[in-house]
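Here's the structure, in C-alpha coordinates; my notes come after.
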Amino acid sequence: MKFVHIADIHFDIPFTSLSAREGLGEKRRLEQRIAFKKVIEYIKDNDIEYLFIAGDLYENEYVKTSTIEYIINLFKEIPNTKIFITPGNHDPYIKGSYYDTYNFGENVYIFNDSKIKKYEDSKVNIYGMAFTEFYMNESPLVNIELQNSNKPNILITHCDLNGSRDSDGFSYNPILESTLAQYKFDYIAMGHIHKNNLENKNKIFYPGSLISLGFDELGEHGMIVGEIENKTTKVKFVKLDDRKFEEINIDVEKFLSKEDLIEAILDLNLESKNVYKVILTGKRNFEINTREILKAVSTENVLKIKDSTKISYDIEKLCEQNNLKGIFVREVLSLYKNGLCTEEEYQRALEIGLDVL
Ligand SMILES: [Mn+2]
(Lines give C-alpha, C1' and ligand atoms only; values in the text may rest on other atoms or scores of the structure.)
Protein backbone atom coordinates (compact mmCIF):
# COMPACT_ATOMS: atom_id res chain seq x y z
CA MET A 1 0.00 0.00 0.00
CA LYS A 2 1.17 3.50 -0.85
CA PHE A 3 0.61 6.51 1.34
CA VAL A 4 1.42 10.18 1.86
CA HIS A 5 2.03 11.49 5.36
CA ILE A 6 1.82 15.18 6.26
CA ALA A 7 1.37 17.12 9.50
CA ASP A 8 1.49 20.59 11.00
CA ILE A 9 0.09 22.58 8.13
CA HIS A 10 -1.33 25.21 10.53
CA PHE A 11 -3.68 26.77 8.00
CA ASP A 12 -4.25 30.51 8.59
CA ILE A 13 -1.57 30.94 11.26
CA PRO A 14 -0.92 34.72 11.57
CA PHE A 15 2.84 34.55 10.71
CA THR A 16 3.71 37.38 13.09
CA SER A 17 7.43 36.73 12.48
CA LEU A 18 6.96 37.98 8.93
CA SER A 19 5.33 41.26 9.91
CA ALA A 20 8.57 43.21 9.29
CA ARG A 21 7.61 43.31 5.61
CA GLU A 22 4.10 44.32 4.79
CA GLY A 23 1.94 41.75 3.07
CA LEU A 24 4.37 38.89 3.53
CA GLY A 25 2.16 37.09 6.08
CA GLU A 26 -0.66 37.05 3.58
CA LYS A 27 1.66 35.84 0.85
CA ARG A 28 2.84 33.03 3.11
CA ARG A 29 -0.75 31.97 3.85
CA LEU A 30 -1.24 31.67 0.09
CA GLU A 31 1.90 29.53 -0.03
CA GLN A 32 0.33 27.21 2.55
CA ARG A 33 -2.50 26.65 0.09
CA ILE A 34 -0.09 26.07 -2.79
CA ALA A 35 1.92 23.49 -0.84
CA PHE A 36 -1.24 21.70 0.23
CA LYS A 37 -2.47 21.67 -3.34
CA LYS A 38 0.82 20.09 -4.40
CA VAL A 39 0.13 17.23 -1.94
CA ILE A 40 -3.23 16.62 -3.62
CA GLU A 41 -1.68 16.82 -7.12
CA TYR A 42 1.03 14.34 -6.12
CA ILE A 43 -1.62 11.92 -4.82
CA LYS A 44 -3.55 12.20 -8.09
CA ASP A 45 -0.49 11.74 -10.28
CA ASN A 46 0.82 8.75 -8.34
CA ASP A 47 -2.41 6.93 -7.43
CA ILE A 48 -1.73 7.15 -3.70
CA GLU A 49 -4.31 5.17 -1.74
CA TYR A 50 -3.97 6.75 1.70
CA LEU A 51 -3.34 10.23 3.06
CA PHE A 52 -2.40 10.58 6.74
CA ILE A 53 -2.71 14.00 8.36
CA ALA A 54 -1.18 13.77 11.83
CA GLY A 55 -2.68 16.88 13.40
CA ASP A 56 -2.46 20.68 13.35
CA LEU A 57 -4.11 20.85 9.94
CA TYR A 58 -5.46 24.28 10.84
CA GLU A 59 -5.32 26.90 13.57
CA ASN A 60 -8.55 26.50 15.51
CA GLU A 61 -8.45 30.14 16.59
CA TYR A 62 -7.70 31.74 13.22
CA VAL A 63 -8.82 29.47 10.40
CA LYS A 64 -11.42 30.93 8.08
CA THR A 65 -14.51 29.06 6.93
CA SER A 66 -13.42 29.71 3.36
CA THR A 67 -10.13 27.92 4.07
CA ILE A 68 -11.96 24.90 5.48
CA GLU A 69 -14.08 24.83 2.34
CA TYR A 70 -10.93 25.07 0.23
CA ILE A 71 -9.52 22.03 2.04
CA ILE A 72 -12.75 20.05 1.68
CA ASN A 73 -12.95 20.81 -2.04
CA LEU A 74 -9.41 19.52 -2.51
CA PHE A 75 -10.28 16.34 -0.61
CA LYS A 76 -13.14 15.86 -3.09
CA GLU A 77 -10.63 15.84 -5.95
CA ILE A 78 -9.11 12.59 -4.65
CA PRO A 79 -12.23 10.45 -4.02
CA ASN A 80 -10.28 7.19 -4.32
CA THR A 81 -7.83 8.15 -1.59
CA LYS A 82 -8.75 7.42 2.00
CA ILE A 83 -7.86 10.36 4.20
CA PHE A 84 -7.21 9.96 7.93
CA ILE A 85 -6.95 12.93 10.27
CA THR A 86 -5.80 12.78 13.90
CA PRO A 87 -6.47 16.25 15.38
CA GLY A 88 -3.63 17.89 17.32
CA ASN A 89 -3.27 20.61 19.93
CA HIS A 90 -3.90 23.45 17.45
CA ASP A 91 -6.94 21.79 15.83
CA PRO A 92 -8.42 19.66 18.62
CA TYR A 93 -11.65 17.78 18.11
CA ILE A 94 -13.80 19.97 20.33
CA LYS A 95 -17.48 20.76 20.30
CA GLY A 96 -18.30 23.38 17.70
CA SER A 97 -14.98 22.97 15.85
CA TYR A 98 -14.92 22.56 12.09
CA TYR A 99 -14.18 18.85 12.52
CA ASP A 100 -17.31 18.58 14.64
CA THR A 101 -19.64 20.69 12.51
CA TYR A 102 -18.47 20.26 8.90
CA ASN A 103 -18.80 17.30 6.61
CA PHE A 104 -15.30 16.72 5.27
CA GLY A 105 -16.48 14.14 2.73
CA GLU A 106 -17.06 10.44 2.18
CA ASN A 107 -13.38 9.61 1.88
CA VAL A 108 -12.31 11.39 5.07
CA TYR A 109 -12.06 9.68 8.45
CA ILE A 110 -11.49 12.00 11.40
CA PHE A 111 -10.51 10.42 14.71
CA ASN A 112 -12.61 12.04 17.44
CA ASP A 113 -11.66 10.25 20.64
CA SER A 114 -8.65 10.75 22.90
CA LYS A 115 -8.51 6.96 23.29
CA ILE A 116 -6.93 4.82 20.59
CA LYS A 117 -9.43 3.69 17.95
CA LYS A 118 -8.89 1.28 15.10
CA TYR A 119 -9.97 1.55 11.49
CA GLU A 120 -9.67 -1.56 9.39
CA ASP A 121 -10.02 -2.27 5.68
CA SER A 122 -8.89 -5.09 3.42
CA LYS A 123 -5.34 -3.70 3.11
CA VAL A 124 -4.40 -2.10 6.40
CA ASN A 125 -5.16 -1.59 10.10
CA ILE A 126 -5.02 2.05 11.10
CA TYR A 127 -4.87 3.13 14.73
CA GLY A 128 -5.36 6.73 15.71
CA MET A 129 -6.50 9.17 18.36
CA ALA A 130 -7.43 12.82 18.69
CA PHE A 131 -6.58 15.73 20.90
CA THR A 132 -9.93 16.69 22.40
CA GLU A 133 -8.45 19.67 24.26
CA PHE A 134 -5.60 22.12 23.57
CA TYR A 135 -3.18 19.95 25.51
CA MET A 136 -2.92 16.31 26.60
CA ASN A 137 -0.96 15.62 29.75
CA GLU A 138 -1.52 11.86 29.83
CA SER A 139 -0.77 9.93 26.66
CA PRO A 140 -3.21 7.16 25.73
CA LEU A 141 -0.42 5.46 23.78
CA VAL A 142 0.18 2.93 26.53
CA ASN A 143 -0.72 -0.76 26.59
CA ILE A 144 -1.68 -0.94 22.93
CA GLU A 145 -2.37 -4.49 21.80
CA LEU A 146 -1.97 -5.15 18.12
CA GLN A 147 -3.74 -8.16 16.74
CA ASN A 148 -1.66 -10.56 14.73
CA SER A 149 -2.24 -9.59 11.16
CA ASN A 150 -0.74 -9.99 7.73
CA LYS A 151 -1.79 -6.44 7.01
CA PRO A 152 0.43 -3.53 7.97
CA ASN A 153 -0.37 -1.91 11.32
CA ILE A 154 -0.14 1.87 11.21
CA LEU A 155 -0.45 4.38 14.01
CA ILE A 156 -1.27 8.03 13.32
CA THR A 157 -0.91 10.51 16.15
CA HIS A 158 -0.02 14.05 17.08
CA CYS A 159 2.57 13.39 19.73
CA ASP A 160 5.51 14.89 21.59
CA LEU A 161 8.04 12.05 21.42
CA ASN A 162 9.98 11.84 24.70
CA GLY A 163 8.29 15.15 25.54
CA SER A 164 7.90 16.84 28.88
CA ARG A 165 5.86 19.71 30.27
CA ASP A 166 6.17 23.18 28.75
CA SER A 167 6.77 26.35 30.79
CA ASP A 168 3.03 26.60 31.55
CA GLY A 169 2.93 23.03 32.84
CA PHE A 170 1.16 21.51 29.85
CA SER A 171 2.15 18.43 27.89
CA TYR A 172 1.21 17.37 24.41
CA ASN A 173 0.68 13.63 24.41
CA PRO A 174 4.18 12.82 25.68
CA ILE A 175 5.37 9.26 25.20
CA LEU A 176 8.73 7.56 25.43
CA GLU A 177 10.19 6.27 22.20
CA SER A 178 10.92 2.94 23.92
CA THR A 179 7.21 2.55 24.74
CA LEU A 180 6.15 3.21 21.14
CA ALA A 181 8.87 0.93 19.79
CA GLN A 182 7.67 -2.14 21.68
CA TYR A 183 4.33 -2.36 19.81
CA LYS A 184 6.03 -3.12 16.49
CA PHE A 185 3.94 -0.90 14.24
CA ASP A 186 4.95 -0.99 10.58
CA TYR A 187 4.72 2.79 10.41
CA ILE A 188 4.04 5.48 12.98
CA ALA A 189 2.83 8.71 11.37
CA MET A 190 3.66 11.50 13.77
CA GLY A 191 2.86 15.18 13.97
CA HIS A 192 3.78 17.99 16.39
CA ILE A 193 7.53 18.38 15.91
CA HIS A 194 8.09 20.72 12.98
CA LYS A 195 11.45 19.35 11.86
CA ASN A 196 11.30 16.27 9.66
CA ASN A 197 12.82 12.99 10.78
CA LEU A 198 12.94 9.97 8.48
CA GLU A 199 15.90 8.26 10.13
CA ASN A 200 14.14 6.60 13.02
CA LYS A 201 14.94 2.90 13.40
CA ASN A 202 11.72 2.31 15.34
CA LYS A 203 9.62 3.39 12.35
CA ILE A 204 8.56 6.62 14.02
CA PHE A 205 8.39 9.30 11.33
CA TYR A 206 7.91 13.06 11.47
CA PRO A 207 7.33 14.86 8.14
CA GLY A 208 7.80 18.21 9.91
CA SER A 209 5.64 21.20 9.14
CA LEU A 210 4.40 21.30 5.54
CA ILE A 211 5.95 24.73 5.07
CA SER A 212 8.35 26.54 7.37
CA LEU A 213 6.51 28.74 9.86
CA GLY A 214 9.47 30.89 10.90
CA PHE A 215 13.17 31.27 11.67
CA ASP A 216 13.00 28.48 14.23
CA GLU A 217 12.11 26.14 11.34
CA LEU A 218 15.11 26.28 9.03
CA GLY A 219 15.80 23.65 6.37
CA GLU A 220 13.49 21.88 3.95
CA HIS A 221 9.79 21.30 4.41
CA GLY A 222 7.34 18.97 2.71
CA MET A 223 5.81 15.52 3.00
CA ILE A 224 6.72 11.87 3.44
CA VAL A 225 5.79 9.43 0.68
CA GLY A 226 5.82 5.80 1.80
CA GLU A 227 5.12 2.30 0.71
CA ILE A 228 4.66 -0.85 2.78
CA GLU A 229 5.00 -4.11 0.90
CA ASN A 230 5.34 -7.54 2.60
CA LYS A 231 5.91 -5.80 5.93
CA THR A 232 8.80 -3.79 4.50
CA THR A 233 8.49 -0.01 4.91
CA LYS A 234 10.10 2.38 2.44
CA VAL A 235 9.97 6.15 2.78
CA LYS A 236 11.18 9.24 0.99
CA PHE A 237 10.91 12.95 1.60
CA VAL A 238 9.37 15.21 -1.01
CA LYS A 239 10.12 18.91 -0.67
CA LEU A 240 7.10 21.17 -1.18
CA ASP A 241 8.08 24.52 0.27
CA ASP A 242 9.79 26.72 -2.35
CA ARG A 243 10.79 29.37 0.16
CA LYS A 244 13.49 28.72 2.73
CA PHE A 245 14.09 30.52 6.00
CA GLU A 246 17.80 31.06 6.44
CA GLU A 247 20.24 32.65 8.85
CA ILE A 248 23.37 34.51 7.76
CA ASN A 249 26.18 35.49 10.11
CA ILE A 250 28.12 38.69 9.45
CA ASP A 251 31.27 39.53 11.38
CA VAL A 252 31.20 43.31 11.83
CA GLU A 253 34.79 43.77 13.05
CA LYS A 254 36.08 45.05 9.70
CA PHE A 255 33.38 47.71 9.38
CA LEU A 256 34.04 51.24 10.60
CA SER A 257 30.55 52.64 10.28
CA LYS A 258 26.96 51.64 10.05
CA GLU A 259 27.04 52.62 6.37
CA ASP A 260 29.75 49.99 5.76
CA LEU A 261 27.54 47.39 7.42
CA ILE A 262 24.42 48.34 5.46
CA GLU A 263 26.41 48.16 2.24
CA ALA A 264 27.68 44.71 3.17
CA ILE A 265 24.15 43.45 3.84
CA LEU A 266 22.97 44.85 0.50
CA ASP A 267 25.89 43.11 -1.20
CA LEU A 268 24.93 39.67 0.13
CA ASN A 269 24.08 37.22 -2.58
CA LEU A 270 20.53 36.50 -1.47
CA GLU A 271 18.18 34.05 -3.09
CA SER A 272 15.09 36.10 -4.00
CA LYS A 273 12.74 33.24 -3.04
CA ASN A 274 14.13 32.90 0.49
CA VAL A 275 13.83 35.02 3.61
CA TYR A 276 16.75 35.82 5.88
CA LYS A 277 17.67 36.61 9.41
CA VAL A 278 21.02 38.39 9.58
CA ILE A 279 23.00 37.77 12.76
CA LEU A 280 25.74 40.30 13.50
CA THR A 281 28.73 38.85 15.32
CA GLY A 282 32.26 39.86 16.34
CA LYS A 283 33.51 43.14 17.79
CA ARG A 284 31.80 46.34 16.74
CA ASN A 285 33.46 49.71 16.21
CA PHE A 286 30.26 51.74 16.20
CA GLU A 287 26.85 51.69 17.79
CA ILE A 288 24.34 49.36 16.22
CA ASN A 289 20.61 50.01 16.12
CA THR A 290 19.12 46.96 14.43
CA ARG A 291 15.77 48.58 13.73
CA GLU A 292 17.48 51.47 11.95
CA ILE A 293 19.61 49.10 9.90
CA LEU A 294 16.63 46.93 8.97
CA LYS A 295 14.87 50.04 7.75
CA ALA A 296 17.87 51.13 5.70
CA VAL A 297 18.22 47.68 4.16
CA SER A 298 15.13 47.87 2.00
CA THR A 299 15.76 44.40 0.60
CA GLU A 300 12.41 42.61 0.72
CA ASN A 301 13.77 39.32 1.99
CA VAL A 302 15.88 40.42 4.95
CA LEU A 303 13.31 40.21 7.73
CA LYS A 304 15.31 40.26 10.92
CA ILE A 305 18.61 41.58 12.17
CA LYS A 306 19.96 40.27 15.43
CA ASP A 307 22.82 41.99 17.22
CA SER A 308 25.18 39.49 18.88
CA THR A 309 28.24 41.76 18.68
CA LYS A 310 30.53 42.99 21.43
CA ILE A 311 32.13 46.40 21.71
CA SER A 312 35.71 46.59 20.51
CA TYR A 313 38.04 48.08 23.17
CA ASP A 314 41.67 48.79 23.62
CA ILE A 315 41.79 48.06 27.35
CA GLU A 316 45.38 49.22 27.83
CA LYS A 317 44.65 52.59 26.24
CA LEU A 318 41.45 52.98 28.24
CA CYS A 319 43.32 52.25 31.49
CA GLU A 320 45.75 55.07 30.80
CA GLN A 321 42.98 57.62 30.41
CA ASN A 322 42.63 60.16 33.16
CA ASN A 323 38.87 60.35 33.17
CA LEU A 324 35.77 58.46 34.31
CA LYS A 325 36.20 55.80 31.65
CA GLY A 326 39.77 55.16 32.79
CA ILE A 327 38.78 54.88 36.47
CA PHE A 328 35.89 52.57 35.59
CA VAL A 329 37.98 50.25 33.43
CA ARG A 330 40.82 50.06 36.02
CA GLU A 331 38.24 49.21 38.71
CA VAL A 332 36.52 46.44 36.71
CA LEU A 333 39.85 45.06 35.50
CA SER A 334 41.17 44.75 39.07
CA LEU A 335 37.98 42.92 40.14
CA TYR A 336 38.52 40.47 37.32
CA LYS A 337 42.24 40.06 37.97
CA ASN A 338 41.55 39.37 41.66
CA GLY A 339 39.11 36.64 40.73
CA LEU A 340 36.10 38.53 42.05
CA CYS A 341 34.15 38.11 38.82
CA THR A 342 34.11 35.73 35.86
CA GLU A 343 35.42 36.69 32.45
CA GLU A 344 31.87 36.83 31.15
CA GLU A 345 30.81 39.19 33.94
CA TYR A 346 33.90 41.31 33.31
CA GLN A 347 33.12 41.62 29.58
CA ARG A 348 29.49 42.39 30.28
CA ALA A 349 30.36 45.02 32.92
CA LEU A 350 32.77 46.73 30.51
CA GLU A 351 30.18 46.73 27.78
CA ILE A 352 27.32 48.13 29.87
CA GLY A 353 29.56 50.61 31.74
CA LEU A 354 31.32 51.97 28.66
CA ASP A 355 28.05 52.21 26.75
CA VAL A 356 26.68 54.44 29.52
CA LEU A 357 29.85 56.48 29.84
MN1 LIG B 1 2.25 22.00 15.16
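Read the numbers this way: they start at 1 and go in the same order the structure lists the ligands and their atoms. Keep in mind that what you see is a predicted model, and the values were worked out from it rather than measured.
The nearest N/O/S atom of Asp56 to the Mn ion (ligand 1) is OD2. Taking the Mn ion (ligand 1) as reference, the nearest N/O/S atom within Asp8 carries the name OD1.
Geometric assessment of Arg29 against the ring of Phe15 yields a negative cation-pi assignment under the 6.0 Å and 45° thresholds.
With a cut-off of 2.8 Å, the Mn ion (ligand 1) has no N, O or S atom of His158 in range. In summary, His192 places no N/O/S atom under 2.8 Å from the Mn ion (ligand 1), failing the contact criterion.
Tested against Asn202, the residues Glu177, Lys184, Gln182 include a single side-chain hydrogen bond (donor to acceptor under 3.5 Å, both in side chains) partner, Glu177.
To the nearest 0.5 Å, the span separating CZ on Phe3 from CG on Leu51 amounts to 11.0 Å. Atom CG of residue Asn196 and atom OH of residue Tyr206 lie 12.5 Å apart, to the nearest 0.5 angstrom.
With the Mn ion (ligand 1) at the apex, His10 NE2 and His194 NE2 define an angle of roughly 90° (rounded to 10 degrees).
His5 and Tyr187 have perpendicular rings, their planes meeting at more than 60° on a 0 to 90° scale where under 30° would count as parallel.
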